[in-house]
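Take a look at the structure set out below.
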Amino acid sequence: MSIASNIQRIKSTLPPGVTLVAISKFHPAEMIREAYAGGQRVFGESKAQELAAKYEELPKDIEWHFIGHLQTNKIKYIASFIHTIQSIDSLKLLQEVDKQAARFNRNIDVLLQIHIAEEETKFGLSMQECEELLQSEVFASLEHITVCGIMGMATNTDNEQQIRKEFHTLYTFFTELKKKYFPDNRVFTQLSMGMSQDYRIAIEEGSTMVRIGSLIFGERTY
Ligand SMILES: *Cc1c(COP(=O)(O)O)cnc(C)c1O
């Protein structure tokens, strides 16, 4: 199967309004070009320097999303062009993103990453930390970021019930946040959940954005 046909196949199963983010991390630029030729414009990467190199090399109308753990000292590599950072997991990081966006006189869209999985290795804010962030005075003062929603990863397990439960928890939290903090806001709309193994469940549980890598590009070699 070609990359373009993989994308078409996946897209045909997505309900209208659900965005496909093609996760191209660890794959070469030429594979991204193939996806681009097939019409894909939204791509996700997890390493700042790798992303900066690909940005230089590839068409400029690609919408780049950052999905990995981001260290504050790496933001500078992507601040001039990144469209969305999906992996905001602290107020400190968000402040630094705001500062770097200001340097380029631009806005960066962000999603707050929420920890829902059982594994401790996965990054993200607890629900309480997320609310504390949204209530803070520092957050209220940021002018170069826009919070467009939340992102989360389910536990890596074959237990479908558990995955479904975690996605449902995230959906419920998303709905509560919207009501409480963004009632008249038209941009807090994105619930990013679902990867190659679990995106069908994520969609049934209300995902608006799926992040799919291996189903499109094949297995990654690290
Ligand atoms: C790597 C990654 C994905 C894509 O994973 P696949 O299993 O290849 O679809 C999605 N989201 C995040 C946060 C990732 O790090």
Side-chain angles (χ1 to χ4, degrees), residues 1-14 18-29 31-32 34-35 38 40 42-51 54 62-71 74-75 78 82-90 93 97 109-125 130 148-160 162-164 166-167 169-171 174 190-222:
M1 283 298 238
S2 76
I3 288 171
S5 64
N6 290 342
I7 288 173
Q8 287 321 315
R9 199 183 58 248
I10 293 164
K11 275 199 165 161
S12 71
T13 69
L14 300 180
V18 174
T19 302
L20 171 62
V21 184
I23 304 301
S24 48
K25 62 187 186 192
F26 298 97
H27 293 296
M31 288 175 83
I32 301 175
E34 258 185 78
Q40 182 67 23
V42 186
F43 292 89
E45 289 279 336
S46 63
K47 298 247 187 292
Q49 280 127 309
E50 179 182 346
L51 171 51
K54 286 174 175 170
I62 288 178
E63 181 181 307
W64 291 106
H65 288 223
F66 194 86
I67 57 153
H69 182 60
L70 185 57
Q71 290 166 290
K74 302 276 174 69
I75 302 167
I78 59 172
I82 193 75
H83 182 281
T84 301
I85 298 176
Q86 296 205 7
S87 44
I88 298 295
D89 59 5
S90 72
L93 177 63
V97 168
D109 287 350
V110 300
L111 304 182
L112 304 174
Q113 182 174 354
I114 312 299
H115 184 102
I116 47 169
E118 268 181 2
E119 297 113 308
E120 286 182 7
T121 52
K122 287 191 173 140
F123 292 101
L125 300 153
C130 178
C148 298
I150 63 177
M151 182 271 260
M153 265 188 277
T155 303
N156 185 8
T157 172
D158 290 334
N159 184 341
E160 189 180 317
Q162 183 179 351
I163 295 170
R164 192 175 290 284
E166 289 171 359
F167 284 152
T169 301
L170 197 62
Y171 173 81
F174 172 69
Q190 298 302 324
L191 176 56
S192 172
M193 58 184 197
M195 312 175 20
S196 291
Q197 292 313 315
D198 56 21
Y199 82 94
R200 289 181 191 82
I201 306 172
I203 284 169
E204 287 168 10
E205 297 303 326
S207 171
T208 68
M209 188 175 272
V210 291
R211 310 176 309 271
I212 298 183
S214 31
L215 268 189
I216 295 174
F217 297 106
E219 292 304 317
R220 291 177 286 273
T221 46
Y222 293 96

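We count ligands from 1, going down the list as the structure has it; atoms in each ligand are counted the same way. Keep in mind that what you see is a predicted model, and the values were worked out from it rather than measured.
Ligand-side atoms of ligand 1 in range of Arg211: 4 (C), 9 (O), 10 (C), 11 (N), 12 (C), 13 (C), range being under 4.0 angstrom from any heavy atom. Within ligand 1, counting atoms from 1 as listed, the ones closer than 4.0 Å to a heavy atom of Met153 are 13 (C). Atoms of ligand 1 found under 4.0 Å from any heavy atom of Gly213, numbered from 1 in the order shown, are 4 (C), 6 (P), 8 (O), 9 (O). Annotation for ligand 1: atoms under 4.0 Å from non-hydrogen atoms of Lys25 are 1 (C), 2 (C), 3 (C), 14 (C), 15 (O). Ligand-side atoms of ligand 1 in range of Ile212: 9 (O), range being under 4.0 angstrom from any heavy atom.
Of the N and O atoms on the side chains of Thr155 and Glu166, at least one donor lies less than 3.5 Å from an acceptor on the other residue. Side-chain contact annotation: Gln190 with Thr208, donor-acceptor N/O pair under 3.5 Å present. Side chains of His65 and Glu63: a donor-acceptor N/O pair is present below 3.5 angstrom, by distance only.
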Take Leu20 and Val42 through the test side-chain contact (heavy atoms from CB on, under 4.5 Å) and record every step on the way to the result. CA-CA 7 Å; Leu20 171 62; Val42 186; over 6 Å; no
Let's go through Ser192 and Arg211 carefully: what are the C-alpha distance in whole Å and the side-chain angles of both, what is the deciding distance for side chain to side chain donor-acceptor pair (under 3.5 Å) to 0.1 Å, and is it a yes or a no? CA-CA 8 Å; Ser192 172; Arg211 310 176 309 271; 3.0 Å; yes
Residue pair Met193, Ile116: steps toward the side-chain contact (heavy atoms from CB on, under 4.5 Å) verdict: CA-CA 11 Å; Met193 58 184 197; Ile116 47 169; 5.8 Å; no
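Under the 3.5 Å distance criterion, the side-chain polar atoms of Lys54 are matched with a main-chain donor or acceptor of His27.
In this structure, atom 12 (C) of ligand 1 lies nearest to the protein heavy atom Ile67 CD1, 3.5 Å. In this structure, atom 9 (O) of ligand 1 lies nearest to the protein heavy atom Ser196 OG, 2.6 Å. In terms of protein heavy-atom proximity, atom 7 (O) of ligand 1 is closest to Ser214 OG, 3.5 Å. Counting protein heavy atoms only, atom 5 (O) of ligand 1 is closest to Met195 CE, 3.5 Å.
Closest approach of Val21 to Phe43, counting heavy atoms only: CG1-C, 3.8 Å.
Under a 4.0 angstrom heavy-atom cut-off, Gln86 registers as lying outside contact with ligand 1.
Contact annotation: for Gln197 versus ligand 1, there are no heavy atoms closer than 4.0 Å.
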